[in-house]
Every structure is written in C-alpha cells, then in structure tokens.
Asker: 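My questions all concern the structure below.
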Amino acid sequence: MSSYVAKKVAVKKAEGMLAPLLDSDDESSVGSDDSDAGSKEETVKRSPMEKLKSLAVYSGLGGAVAVSAGAMIISPATAVFVMGGLCIGNVPY
C-alpha cells in the first residue's frame, strides 16, 4: 500500500515540475510569424572605441598566426608545432 502512495506522490511531483515547461494554451501560435518582440532582432551599435579595440585584437591574432606559421616552417620542432597550434587554435575564439 505504501508503494502505491509513493508512486502516486512521485507522479504528482513530476507533473508539477513539467507543468511550467509545457505551454498548452499557446499551441496555436507555434507556427505563426507575427509574434511580439521575440522574433525581432535588435542590433547593438558599437562605439568607435570598441571598434578600435576589436581591430587591435584581430590584428594581433592575425600577426600571431603569421608568426606561428613562419616558426613552423623555419624550425619544424615538436614544441614549435604545439605552441603554434595553440596560437592558431585560439584565433576563432
């Protein structure tokens, strides 16, 4: 008898936890494109100082890639390949 009660309580708790995730009253607007502000993308205008900082970062990364590739060509050692690979691998981030 106690396992039946425990199972019933567990099911009730699970339903309570899933209720916020299941939005049953808004199913008709799932495919509509005329939603509120959720579908509009806002672009943030960057200041000239932010543009200058990102230009400096990208220039530094580009220079580091060039130097790493040059070091790999000039001195093909394992340590150079590892360090150059780490430098090149960090460019997209």
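One-based numbering along the sequence shown.
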Asker: Apart from Leu52 itself, what residues make up its hydrophobic cluster when side-chain heavy atoms of I, L, V, M, F, W and Y under 4.5 Å apart count as a link, directly or indirectly?
Answerer: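 Members other than Leu52 - counting any ILVMFWY side chain reachable under 4.5 Å - are Met49.
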Asker: So, taking the atom named NZ in Lys45 and the one named NZ in Lys51, what distance separates them when rounded to the nearest 0.5 Å?
Answerer: 7.0 Å
Asker: What is the minimum heavy-atom distance between Arg46 and Ser54, and which atoms define it?
Answerer: NH2-OG, 2.8 Å
Asker: Evaluate whether atom CZ of Phe81 has more than 12 neighbouring non-hydrogen atoms of other residues, nucleotides or ligands under 6.0 angstrom away.
Answerer: yes
Asker: Mark yes or no for whether Ser75, through its side chain, and Ala71, through its backbone, hold a donor-acceptor pair below 3.5 Å.
Answerer: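 A pair under 3.5 Å: no.
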Asker: Determine the minimum heavy-atom distance between Val65 and Cys87, stating which atoms define it.
Answerer: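 Heavy-atom minimum between the residues: N-SG, 4.5 Å.
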